[in-house]
Number of protein chains: 2
Amino acid sequence: MLNINQEENILKNRKVKPTAVRLLVLRQFMEVNKAISLKDLEQLLVHSDKSTIFRTLKTFEQQKLIHSVADGSGITKYALCLESCECEPKDQHFHFHCISCEMTFCLPKQSIPIVQLPPKFTLQQANLVLKGICANCN
Amino acid sequence: MLNINQEENILKNRKVKPTAVRLLVLRQFMEVNKAISLKDLEQLLVHSDKSTIFRTLKTFEQQKLIHSVADGSGITKYALCLESCECEPKDQHFHFHCISCEMTFCLPKQSIPIVQLPPKFTLQQANLVLKGICANCN
DNA sequence: GTTCTTGCAAAATATTTGCAAGACG
DNA sequence: CGTCTTGCAAATATTTTGCAAGAAC
């Protein structure tokens with residue numbers, strides 16, 4: 001299928017060898033459209049090993065295919081880096097965490113707020129996590 | 001000392017019985033002036049038990065004396081709720097995480113950026129974590 | 001064959017709970 | 001006494017690594 005080739009290309013573009021598990025993990029990210037944890041993936045991909053998925057996440061993260069999201073749930077989640085997500089020198093990540101269904105979504109990119117830092121502090125990345133109730137739960 | 005009474009009052013004001021461990025934990029928060037983890041406290045308060053400190057943190061959090069900080073380090077940290085930190089319906093937390101020394105500081109309150117949420121999403125809290133290099137490491 | 005990936009097991013790290021003894025009123 | 005707090009031990013959850021077998025090139 002063309003789809004598979006597309007996913008393969010995504011990986012190749014980031015210098016990640018498109019192995020079976022990696023394609024499965026990438027596909028999950030593309031399908032769910034929200035931030036998911038290692039455990040989530042474990043349960044979605046019952047035939048792949050936890051540690052393999054773990055290392056896949058680290059590889060993806062390193063190659064900027066995904067980024068980690070600390071949404072305060074205590075479990076590290078990961079989300080796809082879309083075009084609207086610039087995983088570059090000055091990262092900016094916006095996420096919404098629903099305190100009802102516990103889902104975490106990426107929000108479309110918006111301009112970063114101007115925040116005053118104390119003297120001599122230099123900024124590299126900004127993560128904004130908004131919490132509340134999502135449309136489904138409202 | 002007057003100081004102790006002051007700390008006792010802080011606890012009493014939040015309906016928390018000022019026990020020995022609680023006073024020690026509160027004092028640590030007031031002294032360090034940054035976000036600290038359970039493990040940090042364990043090491044600072046060698047004579048207090050881990051689980052007691054843990055429950056103290058939960059109690060403090062519930063009574064809005066402290067709030068948790070997900071700074072992406074993988075370890076949950078906690079920081080004092082100062083006057084500048086309104087742990088109320090519309091929470092806003094600003095933190096700075098130094099990727100060099102791994103310290104996490106509370107930033108003084110600033111107005112939260114206006115962020116456009118998708119339809120039917122309602123906002124209750126906003127957490128902004130900025131990452132970079134702090135003054136000490138710069 | 002050499003390098004990279006995978007699965008299994010297990011280690012390492014973090015968080016949380018059960019329970020009985022003790023403190024406090 | 002009765003309630004709340006504490007320490008100890010241990011369970012649970014989460015993240016991470018070692019290693020040998022297998023796949024890819």
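Numbered from 1 within each chain, the chains take letters A, B, ... in sequence-line order.
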Fill in: Value rounded to 0.5 Å, distance of CD in A/E8 from CD in A/Q6
11.0 Å
Please tabulate, one pair per line, each protein N/O and nucleotide N/O from nucleotides 17-19 of chain C that are separated by under 3.5 Å, including the distance.
{"unit_1": "C/dG18", "atom_1": "O6", "unit_2": "B/R55", "atom_2": "NH2", "d": "3.2"}

Under 3.5 Å, is there a donor-acceptor pair between the side chain of [X] and the main chain of [Y]?
| X | Y | value |
| --- | --- | --- |
| A/D71 | A/T104 | no |
| A/R22 | A/L11 | no |
| B/T56 | B/T52 | yes |
| A/N13 | A/N9 | yes |
| A/N138 | A/A135 | no |

Could you check how far [atom1] of [X] sits from [atom2] of [N], rounded to whole Å?
| X | N | atom1 | atom2 | result |
| --- | --- | --- | --- | --- |
| A/L23 | C/dT5 | CG | C1' | 13 Å |
| A/Q63 | C/dT5 | CD | C1' | 15 Å |
| B/E42 | D/dC8 | CD | C1' | 13 Å |
| A/K12 | C/dC4 | NZ | C1' | 16 Å |
| A/L38 | C/dT13 | CG | P | 18 Å |
| A/K39 | D/dT12 | NZ | P | 13 Å |
| A/Q62 | C/dC4 | CD | P | 13 Å |
| A/L57 | D/dT14 | CG | P | 15 Å |

Worksheet item: Does the ring centre of A/Y78 sit less than 6.0 Å away from the ring centre of A/F60?
Response: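 No: the rings miss the under 6.0 Å criterion.
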Worksheet item: Is A/K50 touching bases, backbone alone, or none of the nucleic acid, heavy atoms closer than 4.0 Å?
Response: base
Worksheet item: With a non-hydrogen cut-off below 4.0 angstrom, is A/K17 in contact with a base, only sugar-phosphate, or nothing?
Response: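 The answer is sugar-phosphate, as A/K17 gets under 4.0 Å only of primed atoms, P, OP1 or OP2.
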Item to complete: Answer yes or no: does a side-chain N or O of A/T19 lie under 4.0 Å from OP1 or OP2 of C/dC4?
Response: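 So the side chain of A/T19 is outside the cut-off, no N or O lying under 4.0 Å from OP1 or OP2 of C/dC4.
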Worksheet item: When you check the phosphate oxygens OP1 and OP2 of D/dG7, does a side-chain N or O of B/T52 lie under 4.0 Å from one of them?
Response: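 Checking D/dG7 against B/T52, a side-chain N or O does come within under 4.0 Å of OP1 or OP2.
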Fill in: Residue B/K58, side-chain heavy atoms: nucleotide from C/dT16, C/dT6, D/dT5 that is nearest
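Comparing C/dT16, C/dT6, D/dT5 against the side chain of B/K58, the answer is C/dT16.
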